[in-house]
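Remember, predicted model here, so these are calculated numbers, not experimental data.
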Amino acid sequence: MPPEPAVSETRTAVRRLLESPEAAPFRGSPLVVACSGGADSLALAAAAAHVARHLGVPAQAIVVDHGLQVGSGAIAEGAVEQLARIGMSAQVVEVAVDGMGGLEAAARKARYTALRAERPSGAPVLLGHTLDDQAETVLLGLGRGSGSRSIAGMRPLDPPWARPFLGVRRATTEAACRAQGLEPWQDPHNADPRFTRVRLRTEVLPLLEEVLQGGVAEALARTARQLREDSDALEEAAAAELSRVRADHGLDCAELRLLPAAVRRRVLREWLTAEGVPEMTDAHLRSADALIGDWRGQGGPALPGDFVLRRAHGRLRVETADRKPPNG
């Protein structure tokens with residue numbers, strides 16, 4: 001008897017991603033599923049277990065206990081019991097969440113750090129982000145004006161992370177769990193209006209769907225995919241230009257000025273990242289770009305990590321904030 005449509009859709013999504021050319025580096029590696037016990041990650045674990053048997057590779061799950069709720073340990077163990085029903089072994093990893101940057105961001109950072117550390121070497125970590133999550137990510141990027149990188153959303157493959165469900169609706173993962181007798185945990189944080197994503201999910205997206213007569217989540221996900229394709233092409237162009245405009249341990253401003261702004265800013269981002277500058281915003285990049293495209297003798301901007309970008313003798317250089325050579 002064929003599986004229920006929702007189960008079939010989740011299995012197909014996992015198989016297609018893992019058998020894609022981009023996933024070639026993962027061939028033959030174990031599969032690791034990040035599982036919270038919610039519907040998305042449980043449906044992903046069940047699909048991954050099925051596909052792993054088909055591929056002849058082992059599969060396991062990691063359940064991260066953030067310790068943010070009373071009884072979080074019992075919730076994690078409940079997820080392990082759910083995973084045992086589908087024949088998947090799992091381990092619980094406890095993490096400490098530092099609230100710097102907000103609770104959501106801190107929990108995500110702690111979770112990803114633990115998943116990186118605990119996965120077998122070379123193994124992909126499968127994450128249960130759905131098309132609905134992608135739509136929310138695009139809306140967040142639009143609202144914050146954080147540039148095309150943010151609006152392009154999450155990538156299906158961003159090693160070691162793999163997101164097979166970016167084309168799968170949340171309703172499908174819930175249906176897949178019901179069909180397989182799995183009982184997902186309902187995280188109360190997912191209904192807490194203090195979190196921006198919750199209000200996007202429960203207020204903004206439903207209103208957009210009503211006003212625009214449906215299809216909004218899918219349209220946002222398509223927009224993300226199109227932007228990723230455009231961005232990838234621009235990144236390739238920027239990588240080629242970066243090697244050309246390097247000069248004297250810096251960058252040649254005259255050569256940079258000849259580049260289109262979209263390519264130039266990507267050159268700057270790649271170069272500054274390689275120089276050790278962390279977590280740049282679009283505002284940082286535009287301030288850096290002003291030293292090239294809008295040069296009037298101004299001083300360079302301060303950058304994250306206690307760095308300063310300076311223009312001297314027609315060259316851009318990154319220096320620590322306490323060094324102050326003359327501009328020129």
Side-chain angles (χ1 to χ4, degrees), residues 1-20 23 26 30-64 74-92 115 123-137 154 156-157 161-191 197-198 201-202 205-206 209 214-218 220-221:
M1 182 176 179
E4 293 286 334
V7 174
S8 179
E9 184 177 345
T10 58
R11 291 175 177 178
T12 298
V14 172
R15 187 176 65 254
R16 281 180 177 167
L17 183 61
L18 293 176
E19 293 180 347
S20 67
F26 295 141
L31 304 184
V32 177
V33 178
C35 187
S36 66
D40 299 339
S41 61
L42 274 181
L44 176 60
H50 175 84
V51 172
R53 288 191 291 271
H54 172 76
L55 296 177
V57 298
Q60 65 186 75
I62 298 175
V63 180
V64 177
I75 293 168
E77 290 301 330
V80 172
E81 292 175 8
Q82 292 278 330
L83 292 163
R85 295 188 193 178
I86 57 174
M88 180 174 282
S89 63
Q91 67 178 110
V92 176
L115 291 168
V125 179
L126 278 60
L127 306 174
H129 296 122
T130 64
L131 185 149
D132 300 81
D133 295 310
Q134 185 76 299
E136 293 161 15
T137 299
M154 297 173 282
L157 273 174
W161 318 118
R163 301 179 177 91
F165 283 179
L166 290 183
V168 176
R169 296 301 303 262
R170 187 172 291 132
T172 299
T173 66
E174 293 169 349
C177 286
R178 288 194 298 272
Q180 296 172 98
L182 298 172
E183 300 173 4
W185 173 59
Q186 303 296 329
D187 185 349
H189 284 167
N190 290 336
R197 274 189 178 270
V198 172
R201 183 179 308 141
T202 60
L205 274 168
E209 294 281 357
V216 171
E218 290 86 352
L220 288 168

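- Atoms CG and CG, from Leu31 and Leu126 in turn, are 6.0 Å apart once rounded to the nearest 0.5 Å.
- Closest heavy-atom contact between Val14 and Ala48: CG1-CA, 4.3 Å.
- His189 pairs by the ring-ring contact (aromatic ring centres under 6.0 Å, His included) definition with Phe195, not counting sequence neighbours.
- Scanning all heavy atoms of the two residues, the minimum distance from Ala52 to Ala59 falls at CB-CB, 3.7 Å.
- A donor-acceptor pair under 3.5 Å is absent between the side-chain atoms of Thr173 and the main chain of Ala43, judged by distance alone.
- Within the 4.5 Å cutoff, no side-chain heavy atoms of Val125 are placed close to those of Ile62.
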Let's go through Leu205 and Asp132 carefully: what are the C-alpha distance in whole Å and the side-chain angles of both, what is the deciding distance for side chain to side chain contact (heavy atoms under 4.5 Å, CB included) to 0.1 Å, and is it a yes or a no?
CA-CA 9 Å; Leu205 274 168; Asp132 300 81; over 6 Å; no
Evaluate side chain to side chain contact (heavy atoms under 4.5 Å, CB included) for Arg201 paired with Arg170, printing each intermediate quantity in order.
CA-CA 11 Å; Arg201 183 179 308 141; Arg170 187 172 291 132; 3.4 Å; yes
List the steps, then state whether side chain to side chain contact (heavy atoms under 4.5 Å, CB included) holds for Leu83 with Val33.
CA-CA 10 Å; Leu83 292 163; Val33 178; over 6 Å; no
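- Between Ala6 and Thr172, the shortest heavy-atom contact is CB-O, 3.6 Å.
- More than 12 non-hydrogen atoms from other residues, nucleotides or ligands lie less than 6.0 angstrom from CZ of Arg85.
- The closest side-chain heavy-atom distance from Glu4 to Gln180 is not below 4.5 Å.
- A heavy-atom distance below 4.5 Å is found between the side chains of Cys35 and Leu42.
- With hydrogens and angles disregarded, a donor-acceptor distance shorter than 3.5 Å links the side chain of Glu209 to the backbone of Ala217.
- Between the side chain of Ser8 and the backbone N or O of Pro5 there is no donor-acceptor pair closer than 3.5 Å.
- The shortest side-chain heavy-atom distance between Arg197 and Thr137 falls under the 4.5 Å cut-off.
- Shortest non-hydrogen contact noted between Ala176 and Val7 is O-CG2, 3.9 Å.
- Nearest heavy atom pair, residue Gly128 against residue Leu44, reads N-CD2, 3.5 Å.
- Under the side-chain hydrogen bond (donor to acceptor under 3.5 Å, both in side chains) criterion, Thr130 pairs with Asp133, not counting sequence neighbours.
- A heavy-atom distance below 4.5 Å is not found between the side chains of Gln186 and Asn190.
- Inter-residue side-chain proximity for Leu127 and Phe165 is flagged as unmet; no heavy-atom pair is nearer than 4.5 Å.
- Atom CG of Leu166 and atom CG of Leu17 lie 8.5 Å apart (nearest 0.5 Å).
- Heavy atoms only, all atoms of each residue included: Ala123 and Val32 are closest at CB-CG2, 4.0 Å.
- Side-chain atoms of Thr10 and His50, non-hydrogen and from C-beta on, never get closer than 4.5 Å to each other.
- No side-chain donor-acceptor contact under 3.5 Å links Gln134 to the backbone of His129.
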